[in-house]
There are 4 protein chains.
Amino acid sequence: MADSAVQRLDEVLLVAESLFAQRGYEATSVRDIAEALGLQAGSLYAHIESKDDLLHQILSRAAERFFLATKPIVESDLVPVEKLRRLMLAHVQVITSDLNAAAVYSTEWRHLSEPRRGEFAARRDEYEGMVRCMVRDCIREGTFGDVDEKFATLLILSSMNWIYQWYKDDGPMTPEDIARKLTDMLFKGLRRPVG
Amino acid sequence: MADSAVQRLDEVLLVAESLFAQRGYEATSVRDIAEALGLQAGSLYAHIESKDDLLHQILSRAAERFFLATKPIVESDLVPVEKLRRLMLAHVQVITSDLNAAAVYSTEWRHLSEPRRGEFAARRDEYEGMVRCMVRDCIREGTFGDVDEKFATLLILSSMNWIYQWYKDDGPMTPEDIARKLTDMLFKGLRRPVG
Amino acid sequence: MADSAVQRLDEVLLVAESLFAQRGYEATSVRDIAEALGLQAGSLYAHIESKDDLLHQILSRAAERFFLATKPIVESDLVPVEKLRRLMLAHVQVITSDLNAAAVYSTEWRHLSEPRRGEFAARRDEYEGMVRCMVRDCIREGTFGDVDEKFATLLILSSMNWIYQWYKDDGPMTPEDIARKLTDMLFKGLRRPVG
Amino acid sequence: MADSAVQRLDEVLLVAESLFAQRGYEATSVRDIAEALGLQAGSLYAHIESKDDLLHQILSRAAERFFLATKPIVESDLVPVEKLRRLMLAHVQVITSDLNAAAVYSTEWRHLSEPRRGEFAARRDEYEGMVRCMVRDCIREGTFGDVDEKFATLLILSSMNWIYQWYKDDGPMTPEDIARKLTDMLFKGLRRPVG
DNA sequence: CATGAATGAGACTTCATTCAT
DNA sequence: GATGAATGAAGTCTCATTCAT
């Protein structure tokens, strides 16, 4: 693909992402997206294969960002609790760096057609499993008390995944602030009662 | 409205709620709902005014359940932290008593047409404000540490609002278990450091 | 299906048949058909499942007419040459009784989607095989000379299947005239040289 | 036009002819043709004026082959029945030498746009008229019996024009075999009863 | 109440064609 | 010559909704 084609595709994905985030996948028409780009509806098909393909590309890129940002952390030799802390920071950074992507990633994946939907769900489960592993290690290690593993994992993930609903780029908190506050609070709640 | 009419409407709402929860409002056609009821699409209009009206009724009933369950708590004379604890229990109970309603309430309200959407958002903000008040009282009172009020409120709400995504009626945790675990953990995290 | 629904469907099939015969399946739009019926394009879908289904129904009915008209002849005890003669008469009668159906049957079946296309081709081959059997019997019996069986079969079929291209209801020849002329001529050509 | 351009155009026509024969004109997109040539759709327009023009060129060339092959025969001094016999041989040779062209010639001409369609029909009628003349002469001369002139003409033409549907290059019959069998059979059928 | 045919709008997508590069 | 992005029209089909029966 030529450079200009790559750029144009990026533009298309960005615009679609924004509309999907705002209105939802089903409530966004191909015409809406084309219009936002100053194109006719049919012209979009020089860049994408289908509306479903569009969603798929957006979701794939979002998933990749999560995996890319967290991979080095997962593979590091840090102690469990520190690993989890850094993963949460990275996760929050990915979310806040592209709120639209986070919104689409969170809520629109179910509109993927099969078999993509299944594949996406599998990757999502894989990611959740990774976090759960860290939580388990924290429990084993004794950093966390005797909390329910699954429950703790979902609490951590859900608290991060709602950030896109209220975060503002120009708000008073940086992504780092948010991540710190979140980990401080949740870890204190999860930590083994001392003494 | 005759008793049988009320019953039939309830049935319609229940079926629609389930489909909206599963597939989303936009991805559910009036035909789908009718079919699930063993009817023709046109026949639904003997019971509802429009698809939008259907969504509105579902959301109104859901909202009502939240307000009904929390009103006595809000108006009670309990100490702030206890008020919050009981509100969270009630909230979790409402969610787990009708997961489909919770799902629709969480994700489909944006597909309401105006002015209903605005009204819904206002009620939602009102509810959030109520919780925020309780959080503020907990901070003032000294039960909670010097946490960001808005941040804490959203953390509490978001952690509850994701329950519908994983809760199972026949799972090992009762709604009460969940509420207790949640409040235990979050309150420990939010509590003022002792000493 | 109610009587009126049956009638309406018949009307739809008749109109579609006529347009498919005139312009071809691909060159006929659903809108064209609807317009010819005084309907909106979408309204057709109260009667048919898809454009492909429309073609399929037309072809199925046409095929059925051929099989229905020829079955008693095939199962009869007539001598081979008489069997063939009567089959040709029946075939010509079916063609001339609905020229549009004959045209669609002859030329548009390849636009069926799979697996229907394959099924149609199989039925067509079956019919051809039946005619070929009769031809073979005529050769064995000695009525026909030592002609190539396949060649003779295709000559017979093709000469009948072009009738729809020039036959006029108000022309000077009745279907019976045509069938007689055709059999007279072809059988003379195929007959074993006497002496 | 440069030699290379002529070659390229020939290639385009050949590929288009094949696709039109296989799928039909309307079911073949310009993209399909381009793809079969290893080109982009837009690039075809360096070689052709329009899709309609493409069909027109294919049909013109096919028509030309028929006229070229039959002209010397028509202008010859042979006796009528021998003329007709040779014309049929030539006709069969043209058909079998390019089955795709024969298929397109037979079935796709109706998709020409006006006024080309009218012109094509006129040439076709002219050709048919020519054959009809020969048939008439055969009747006058007494070689053929008192058969219907038009009927006989169409029988002859239709029996030849279906050959493309079953002829195989590697089959057991040469074009000459086919032509001989056909004339033998049809002429026997048409011949004046002796005695 | 329920049906089912009808509407008019709009969905996604493909089409033949153009044209700057 | 070829590319590929763009157009404007048109394709099939689904949608929410209405209404006579």
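Convention: sequence-line order gives letters A, B, ...; per-chain numbering from 1.
- Of the residues in residues 43-56 of chain A, those lying under 4.0 Å from DNA chain F by heavy-atom distance are A:Ser43, A:Ala46, A:His47.
- Among residues at least two apart or in separate chains, salt bridge (charged side-chain N to carboxylate O under 4.0 Å, His left out) pairs with a member in residues 39-60 of chain B are B:Asp52-B:Arg116, B:Asp53-B:Arg116.
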*Under the side chain to side chain contact (heavy atoms under 4.5 Å, CB included) rule, what do B:Glu108 and B:Leu59 come out as? Steps first, then yes or no, please.*
CA-CA 9 Å; B:Glu108 304 305 322; B:Leu59 290 173; 5.6 Å; no

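- To the nearest 0.5 Å, atom CD1 of residue B:Ile33 and atom CD1 of residue B:Ile48 are 6.5 Å apart.
- Ion pairing between B:Glu64 and B:Arg61 fails under the 4.0 Å rule for side-chain N and carboxylate O.
- Between B:Gly38 and D:Ala41, it is B:Gly38 whose nearest contact on DNA chain E lies nearer the 5' terminus.
- The side-chain tip of C:Arg123 does not point at the ring of C:Phe66 from less than 6.0 angstrom away and within 45° of straight on.
- For D:Tyr105 and D:Tyr164, the ring centers sit 6.0 Å or farther from each other.
- Separating the CD atom of C:Gln7 from the C1' atom of E:dG4 is a distance of 16 Å, rounded to the nearest angstrom.
- Rounded to the nearest 0.5 angstrom, C:Asp98 CG and C:Leu14 CG are separated by 7.0 Å.
- Nearest heavy-atom pair, D:Arg117 versus D:Arg110, reported as atom, atom and distance to 0.1 Å: NH1-O, 2.9 Å.
- Between C:Tyr25 and C:Phe20, the ring planes lie perpendicular to each other; the angle is over 60°, past the 30° to 60° tilted range.
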*Please assess C:Leu37 against C:Leu44 for the test side chain to side chain contact (heavy atoms under 4.5 Å, CB included), listing each intermediate value before the final yes or no.*
CA-CA 9 Å; C:Leu37 286 158; C:Leu44 264 191; 3.8 Å; yes

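- Chain D approaches DNA chain F within less than 4.0 angstrom (heavy atoms of the protein), and the contacting nucleotides run 5' to 3' from F:dG1 to F:dG4.
- Within residues 18-36 of chain A, the residues having any heavy atom closer than 4.0 Å to DNA chain E are, in order of number, A:Thr28, A:Ser29, A:Val30, A:Arg31.
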_Pairing pattern in dot-bracket form [Watson-Crick, G-U; both distances under 3.5 Å; | = partner strand] for DNA chain F_ = .||||||||||||||||||||

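- DNA chain F is contacted by both A:Arg8 and C:Gly42; A:Arg8 maps to the nucleotide lying nearer its 5′ end (nearest heavy atom per residue).
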_side chain to side chain contact (heavy atoms under 4.5 Å, CB included) between C:Val12 and C:Leu54, worked out_ = CA-CA 9 Å; C:Val12 169; C:Leu54 192 46; 4.0 Å; yes

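- Applying the salt bridge (charged side-chain N to carboxylate O under 4.0 Å, His left out) test to residues at least two apart or on different chains, the pairs with a partner in residues 26-39 of chain C are C:Arg23-C:Asp32.
- Judged purely by atom type and a 3.5 angstrom limit, A:Ser106 uses its side chain to pair as donor or acceptor with the backbone of A:Ala102.
- Distance C:Asp3 CG to E:dG4 P: 14 Å, rounded to the nearest Å.
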